[in-house]
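Whatever order the structure lists them in is the order used to number ligands and atoms, beginning at 1.
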Amino acid sequence: MMDITYLLDPLNDAQQEAVSAPLGHILVVAGAGSGKTRVLAHRIAWLLQVERFSPFSILAVTFTNKAATEMRSRIEVLLESPAAGIWVGTFHGIAHRLLRSHWREAGLPQAFQILDNDDQYRLIKRVIRELELDEDQWPARRAQWYINGCKDEGLRPQCIDDRSDRSTAVLLTIYQAYEAACARSGLVDFAELLLRALELLRNDSALLAHYRQRFQHILVDEFQDTNAIQYAWLRLLVGEGSSGDASGWLFAVGDDDQSIYGWRGARIENIQQFTRHYPDAKTIRLEQNYRSTGTILAASNAVISQNSGRLGKELWTGRGEGESIYLYRAINDLDEAHFVVERINRWVEEGGLRGECAVLYRSNAQSRALEEALLQKGIPYRVHGGLRFFERAEIRDAMAYLRLIHNRNDDAAFERVVNVPARGIGARTVEGVRELARESGLTLWRAALQLQQQQRLTARAAKALGGFLRLVETLDNDTQGLELAEQVAHVHQHSGLIAHFGKERGEKAQARLDNLEELVNAARNFVPEEDGAPRLAAFLSHAALEAGEAQGDAWEDCVQLMTLHSAKGLEFPLVFLVGVEEGLFPHRMSVADPARLEEERRLCYVGMTRAMRVLYITFAERRRLHGKETYPKASRFIGEIPPKLVQEVRMRGVVCRPSAAAGRVSSAQSGLELGQAVQHALFGPGVVLRLEGEGEQARVQVNFEAGGAKWLMVSLAGLQPLC
Ligand code: ATP
Ligand code: MG
């Protein structure tokens with residue numbers, strides 16, 4: 001008998017039951033931190049080691065690429081050998097892999113490229129312009145939302161016939177023109193990846209039979225956030241469901257309380273429908289939380305219990321009560337950021353690691369104040385899901401050259417760099433190219449070539465445009481046979497990008513050059529998922545899919561900054577939930593709609609349950625939002641936490657409860673108050689962060705825009721209040 005104790009011993013009874021369940025469809029529904037992801041990894045090891053299935057029979061779906069890498073390494077640790085052959089990835093990653101292998105059957109050109117959200121937006125904008133629609137009335141964002149929404153529901157333009165309503169008719173026209181543009185250029189957007197992969201299997205019965213036979217086990221983490229297309233794809237692959245003709249088994253783990261992608265079409269009902277679609281399925285519940293202290297868990301449970309229509313479950317923990325939840329009422333966003341940094345410093349002084357600290361926020365824009373505060377103190381940090389590495393302008397420029405080398409018909413790439421660096425190709429010339437492309441159904445590259453050949457351009461324009469076309473051809477020629485990293489470095493140099501950014505001055509320019517260098521490193525370290533795929537093609541897809549999840553210095557101990565959405569599935573000993581204010585969180589767009597409000601609350605639950613030992617919740621009484629000064633109230637979610645679990649924090653020796661009166665304590669005579677904008681003769685403009693002491697001894701801490709935070713004697717500083 002093989003020794004399987006190592007697979008089951010580290011698990012509780014319910015977890016063991018799930019891991020060692022007889023073959024069949026299985027649904028594990030359980031709250032945060034109850035070991036769902038752990039169970040999934042152990043189940044895979046069980047199938048391989050005990051049930052003796054081949055690694056090739058396993059397909060595991062995770063929510064992010066990072067989670068996929070972690071899942072693979074967890075399995076490898078359990079098996080003590082490489083998990084080669086198993087497919088582990090996100091829905092997008094797996095769909096992409098299928099389409100690469102079967103591009104012909106999917107009706108795609110071999111060199112198809114992924115269009116990321118930003119490029120999609122630009123392309124839609126161009127399409128709207130070409131249709132001569134009023135861009136104010138038909139903003140590209142709305143059309144993008146519409147198109148992606150249709151695709152998420154599996155709707156092609158030909159399936160939509162509601163032409164009675166003018167608005168739908170126009171959006172439909174945009175959708176059609178956009179599809180045509182993508183087809184011309186060989187571009188596939190994120191929603192298209194999923195829909196194509198579904199259609200591929202649906203339309204090709206031989207291929208479907210092949211994959212059904214191959215993937216006998218399909219395991220899905222974060223099942224509550226699968227959308228209609230993803231679920232349809234899973235069901236297709238698994239077989240119809242009645243146990244007789246099922247060709248594969250579905251093992252899904254999820255938590256209805258953590259469904260946070262409703263706005264992107266995710267269907268919480270998938271969980272509820274699972275047992276209807278698969279009546280023989282076994283449902284297993286896990287009830288012990290291993291992640292958080294009793295206090296954190298009780299607070300999270302209290303918040304989520306305000307939602308209606310839950311599957312309902314109570315978690316318990318054996319970890320003891322732990323510390324209170326700390327609440328900090330900041331004067332403004334700067335004060336909030338400084339508070340967070342101060343507490344992180346304290347954590348590190350007490351022997352903790354920076355990487356154990358996560359700061360979670362509702363919207364990306366909130367990261368800037370936090371980043372500045374961290375930079376001032378020289379604390380390394382990493383932003384996940386913000387302006388990611390591959391989304392930065394200079395990286396996108398460099399990638400656009402690489403994309404053109406790979407596929408001349410990539411219109412989005414053409415648009416991006418045709419005149420970057422500036423080479424005298426004017427807007428009129430580019431418009432001419434677009435016009436010909438539109439009239440003759442050509443890609444921009446082909447249209448540009450034709451304009452050249454037909455000598456329809458002015459001499460200057462012809463020279464400039466010809467220069468660009470030759471440049472791309474030469475870059476392609478000169479980099480044939482080079483290693484990927486050398487190829488990237490060559491393109492940086494000879495496209496003129498290095499000289500272009502080198503001309504700019506200041507730190508920003510240096511950061512851009514550093515980023516370009518980092519791209520060469522990324523290319524050097526890049527390992528394609530599949531052998532044999534052309535390396536450049538694989539790298540380009542990787543960039544579009546990963547969008548920099550592995551940005552920054554992976555080896556450095558960094559504070560982790562991310563949105564609440566990207567924190568799903570992760571855990572950290574110390575967590576800060578910042579900006580927990582009405583209007584921001586719950587988001588002002590969701591407050592009026594009960595369903596959306598509940599989704600915000602689930603997001604809050606996700607955020608709180610990331611914390612293992614210590615949880616800080618902060619909010620600011622004053623915040624600049626969208627360029628305006630706002631005076632938010634504490635979020636209703638704070639009020640939903642039982643007060644006995646919460647302790648309000650005051651900064652040592654400082655005024656920290658800025659009720660209108662408190663803000664003026666000790667500063668009455670100086671006329672300064674917390675959060676006030678001031679001007680200093682030498683340091684320039686800044687904001688008052690702290691006030692201490694009385695009279696001659698009164699000191700003020702000001703965060704200067706240029707120089708950062710400084711303590712000054714009020715009597716000597718000569719600060720001028722700014723209104
Ligand atoms: P989430 O809903 O947030 O995704 P989850 O249910 O997937 O959470 P895991 O991430 O698998 O939970 O587990 C949470 C933590 O508890 C991890 O650190 C995991 O290693 C630990 N854990 C899970 N089960 C056990 C167990 N039986 N004994 C000890 N630790 C466990
Ligand atoms: Mg998990």
Side-chain angles (χ1 to χ4, degrees), residues 5-20 26-46 60-75 77-78 88 90 219-226 251-261 266 268 271 283-294 296-297 300-301 303-304 310-311 313-320 322 355-356 358 360 560 562 564-575 577 602-613 615:
T5 48
Y6 76 99
L7 277 179
L8 297 180
D9 275 3
L11 303 174
N12 65 31
D13 290 351
Q15 292 174 331
Q16 289 189 9
E17 188 191 349
V19 167
S20 62
I26 292 165
L27 173 66
V28 178
V29 241
S34 58
K36 294 182 297 297
T37 305
R38 177 187 268 224
V39 159
L40 200 99
H42 281 246
R43 174 71 173 178
I44 293 176
W46 175 271
V61 188
T62 56
F63 209 73
T64 58
N65 293 300
K66 187 161 177 276
T69 316
E70 263 170 37
M71 177 65 67
R72 189 177 283 281
S73 69
R74 277 202 211 189
I75 297 166
V77 168
L78 285 172
V88 188
T90 60
L219 301 98
V220 189
D221 200 359
E222 308 280 3
F223 182 61
Q224 75 280 357
D225 276 326
T226 45
F251 187 97
V253 312
D255 177 4
D256 56 315
D257 289 333
Q258 294 186 68
S259 162
I260 53 176
Y261 281 92
I268 193 171
I271 289 200
T283 301
I284 296 174
R285 290 173 196 277
L286 310 176
E287 272 157 6
Q288 181 169 0
N289 171 298
Y290 288 91
R291 178 179 294 149
S292 310
T293 62
I296 292 169
L297 198 58
S300 317
N301 282 342
V303 170
I304 197 66
R310 301 170 56 219
L311 292 176
K313 50 194 159 343
E314 275 296 312
L315 286 175
W316 62 278
T317 174
R319 289 199 50 187
E356 292 171 335
L360 312 181
Q560 314 284 315
M562 67 194 85
L564 286 150
H565 279 98
S566 25
K568 205 158 69 124
L570 307 178
E571 58 188 18
F572 306 92
L574 173 60
V575 167
L577 290 192
R602 289 194 292 271
L603 192 55
C604 183
Y605 175 74
V606 167
M608 293 172 76
T609 52
R610 298 311 96 200
M612 300 163 80
R613 276 170 36 207
L615 173 61

Please name the pair of heavy atoms, one in [X] and one in [Y], separated by the smallest distance, quoted to 0.1 Å.
X	Y	answer
Leu78	Tyr6	O-CE1, 3.1 Å
His565	Leu603	CE1-CD2, 3.6 Å
Gly355	Phe572	O-CD2, 4.1 Å
Ile296	Met612	CD1-O, 3.8 Å
Ala611	Ser292	O-OG, 2.7 Å
Lys568	Val606	CA-CG1, 4.2 Å

Pick one of side chain, backbone, both or neither for how [X] approaches ligand 1, counting any non-hydrogen atom pair under 4.0 Å.
X	value
Gln288	neither
Glu571	side chain
Leu11	backbone

So if I count the atoms of ligand 1 from 1 in the order they appear, which ones are less than 4.0 Å from some heavy atom of [X]?
X	result
Gly31	6 (O)
Gly569	4 (O)
Arg610	3 (O)

Please state which protein non-hydrogen atom is closest to [atom] and give its distance, to 0.1 Å?
atom	result
atom 9 (P) of ligand 1	Gly35 CA, 3.7 Å
atom 21 (C) of ligand 1	Tyr290 CB, 3.7 Å
atom 10 (O) of ligand 1	Arg291 NH2, 3.2 Å
atom 24 (N) of ligand 1	Gln15 NE2, 3.0 Å
atom 11 (O) of ligand 1	Arg38 N, 2.9 Å
atom 7 (O) of ligand 1	Thr37 OG1, 2.8 Å

Note to self: Check for me whether Asn12 has a heavy atom closer than 4.0 Å to any atom of ligand 1.
What the structure shows: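 Under 4.0 Å: yes for Asn12.
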Check: Applying a strict 4.0 Å limit to heavy atoms, is Pro10 in contact with ligand 1?
Finding: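 It does, in that a heavy atom of Pro10 comes within the 4.0 Å cut-off of ligand 1.
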Item checked: Options Gln224, Met612, Lys36, Arg74, ranked by nearest heavy atom to atom 6 (O) of ligand 1, top entry -> Lys36
Notebook entry, point to check: Taking atom 1 (P) of ligand 1 as the point of reference, which of Ser292, Gly33, Gly254, Ala30 owns the nearest heavy atom?
Noted result: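 Ranked by closest heavy atom to atom 1 (P) of ligand 1, first place is Gly33.
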Note to self: Using the rule side chain to side chain donor-acceptor pair (under 3.5 Å), only one of Thr37, Thr64, Thr62 pairs with Asp221; which is it?
What the structure shows: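 Answer to the side chain to side chain donor-acceptor pair (under 3.5 Å) test with Asp221 among Thr37, Thr64, Thr62: Thr37.
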Notebook entry, point to check: Is any side-chain heavy atom of Arg610 less than 4.5 Å from a side-chain heavy atom of Arg291?
Noted result: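 Yes, at least one pair of side-chain atoms sits under 4.5 Å.
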Notebook entry, point to check: Under 3.5 Å, is there a donor-acceptor pair between the Glu222 and Gln224 side chains?
Noted result: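 Side-chain D/A pair, Glu222 to Gln224: present.
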Next item on the list: Give a yes or no on whether the backbone of Ala32 and the side-chain of Asn289 come within a donor-acceptor separation of less than 3.5 Å.
Entry: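 Present.
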